[in-house]
Number of protein chains: 2
Amino acid sequence: MKDKPKLKTAPKLDDYMLFLAVADGGGLVGAEQATGTPSPTLSRRMTALERTLGKRLFERGARGYTLTSDGRALAAEVEHLRAAAQHLAAFNAKQTRPLVRITAGHWTTQYIARHFGEVWSQDASLVPSVPWVPELVSSDAMVDIARREADIGIRNRRPDQTWLAGRRTARIAYAEFARGPEVTGYITLPESLATTPSKRWLRHNKPDEIVSTASDPRAEADLAIGGIARVILPIFAGRAMPELVQVSPEIDALTHEEWLVSHHDARHDPPIRAALDAIGTLLSAPTRFGP
Amino acid sequence: MKDKPKLKTAPKLDDYMLFLAVADGGGLVGAEQATGTPSPTLSRRMTALERTLGKRLFERGARGYTLTSDGRALAAEVEHLRAAAQHLAAFNAKQTRPLVRITAGHWTTQYIARHFGEVWSQDASLVPSVPWVPELVSSDAMVDIARREADIGIRNRRPDQTWLAGRRTARIAYAEFARGPEVTGYITLPESLATTPSKRWLRHNKPDEIVSTASDPRAEADLAIGGIARVILPIFAGRAMPELVQVSPEIDALTHEEWLVSHHDARHDPPIRAALDAIGTLLSAPTRFGP
DNA sequence: ATTTGGACTTTCAAAAATGAAAGACAAACC
DNA sequence: GGTTTGTCTTTCATTTTTGAAAGTCCAAAT
């Protein structure tokens, strides 16, 4: 910061909590045990608090810290804050595990949801040491990680902004699927929803062979299962539907890489880091792409 | 810190206050105006709060931040904390000006007290931009700045610990004072209290000429004014008493430097910095040592 | 009187946070 | 449609904070 002394008008509220911990604990050692904050840090925080308030709150000595009369007066006032902080902690404890919002296309989201139990469980022995809960959001739109619309995105290309971190997880291939090779014609989404490369490709290359549309990817697959037409799917998704068979070779023009993307900063956040590891394991699994 | 991800179990309480400021202000700009915290910092603090709680508290956009339903629920709970913080601020406001504890020998303390109005005043035009109030503690004992027994000490030699910062303010000379040159014999403090170099010097060099003792420096000077004996004083203190005259030349053995001493860290604290400047000005004033 | 243990403060390298300046982007205005 | 304004995010140099290790000092134990 600029070389100007900044007059601190109010102490940090957390310093009041540490102050109570030191008072309750009779010194820095007791407070360290209660709060997990190391003694050198507590020593400096108590000194900073006294300096900011302009009061001597403790007598310091070989047997620890004892409150002065100013300190006792302040401790009585800080009880309100302690009660309010505990109230908040109780409210937050209703949801002990942070949500990690993950967005991907429909089929990827479905795959993750169905296989998530392989890398995540309520069972203590399987749960990563960092608690977190997935919030899966199926979306083909490019969600805005800068504006925190999602914590993790699964995308079809390497992120190019420098503040995004990416990990390549797989190569995704596409093909046609149907009840049998005798089925002709294609089902797809309405033009206004057909924003993915695979939908665009179909409309561009075989516009006259589109015989029907469906309202969403799930319905699209159901209609193909009903025998009405063919559908273009990622091969890992088509193979997951026993009623459908692959009826064309891979469509080379649609093959792309898959990238697991997050904000550069967020990678260091334990829940997000744990989620990245778990999802990365799932997406890279050999079983995803065949026996 | 060690290279281990630290799972944050609770957000900073100050972040809750900033969260309310952003919510109230409709965005970062409004909150910046209300709190003085710059927008980039607020942006990161809100992101950190959401991450720690595992909830999305705001929708972000070109028109600012708006609360999500999770955000509104949290805001309702944080009101308790706001009330408690305001209660504390009101309590602290009863003493808006921090005390700066200054220790010095008796005569130096007296000099500062009598002349303090020259560098400090309630009048706004004279008050330094940093509010503070002196707490003068007269003590010949070496107070423990490490243990915060004082913020500033006025000592008779350069500080030798590296964590102490010092500024030389003056050269202090001593001499004998009495009602007149015809007065013989010396008054001093009892042996148990005679801890200063000048008292030790007297007991060492003229033990047979001590005719009386007094309970404290003030009484010592009063008895000299009463004509009972001579007293050894710093010359600036003796000259401040019109009833006494200097009856010896300077006592070279007692001359020493005067140092204004504080903790290295504390120098950057605005109240202490202002106090150091004010006291330094007083102690260095030419008028302290003569017309 | 000496040694040991306990508790606080200081050192200093590393990590984290900050804020001015710049970049990005959408809404409002002309 | 082009320009301007407002608000948020990113960059990056600087400042602040942290915590393990070491130092200091006093009370308790021997």
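Small disclaimer: the values here were computed from a predicted structure and weren't measured. Reminder, nothing fancy here: chain letters follow the sequence lines and each chain counts from 1.
Between A/Arg44 and C/dT10 there is no side-chain polar atom (N or O) within less than 4.0 angstrom of OP1 or OP2. When the side-chain nitrogen and oxygen atoms of B/Thr41 are compared with OP1 and OP2 of C/dG19, one or more of them lie within a distance under 4.0 Å. Regarding contacts with the backbone of D/dT9, a side-chain N or O of B/Tyr65 is found under 4.0 angstrom from either OP1 or OP2. Residue A/Arg45 places at least one side-chain N or O under 4.0 Å from the OP1 or OP2 atom of D/dT18.
Within the 4.5 Å cutoff, the side chain of B/Leu276 has heavy atoms near those of the B/Arg167 side chain. No side-chain heavy atom of A/Thr108 sits less than 4.5 Å from a side-chain heavy atom of A/Ile172. Using a 4.5 Å cut-off on side-chain heavy atoms (C-beta onward), A/His263 and A/Arg148 make contact.
If B/Ala62 and B/Gln161 are placed on DNA chain D by their nearest nucleotide, the residue sitting closer to the 5' end is B/Ala62. The residue among B/Lys12 and A/Leu28 whose nearest nucleotide of DNA chain C is located toward the 5' end is A/Leu28. Residue-to-nucleotide proximity on DNA chain D shows that, of A/Thr162 and A/Arg63, the 5′-proximal contact is made by A/Thr162. Projected onto DNA chain C by closest heavy-atom contact, A/Arg147 and B/His263 fall at different nucleotides, the more 5' of which corresponds to B/His263.
Closest approach to the A/Ala146 side chain among C/dA20, C/dT10, D/dT9 is made by D/dT9 (side chain taken as heavy atoms from C-beta onward). Distance from the side chain of A/Pro40 is smallest to C/dT9 among D/dT9, D/dC8, C/dT9.
Nucleotide D/dT11 holds its P atom 10 Å from the CG atom of A/Leu164, rounded to whole Å. Per the geometry, CD belonging to B/Glu32 stands 13 Å off C1' belonging to C/dA21, to the nearest Å. Regarding B/Asp14, its CG atom lies at a distance of 14 Å from the C1' atom of C/dA17, rounded to whole Å. Rounded to whole Å, atom C1' of D/dA20 lies 15 Å from atom CG of A/Leu42. Separating the CG atom of A/Asp160 from the P atom of D/dT10 is a distance of 14 Å, rounded to the nearest angstrom. Regarding A/Leu18, its CG atom lies at a distance of 13 Å from the C1' atom of D/dT18, rounded to whole Å.
Under a cut-off of 6.0 angstrom, the local environment of CZ in B/Arg157 is sparse, with at most 12 non-hydrogen atoms contributed by other residues, nucleotides or ligands.
Neither side chain, A/Thr66 nor A/Glu59, offers a donor N or O lying under 3.5 Å from an acceptor on the other.
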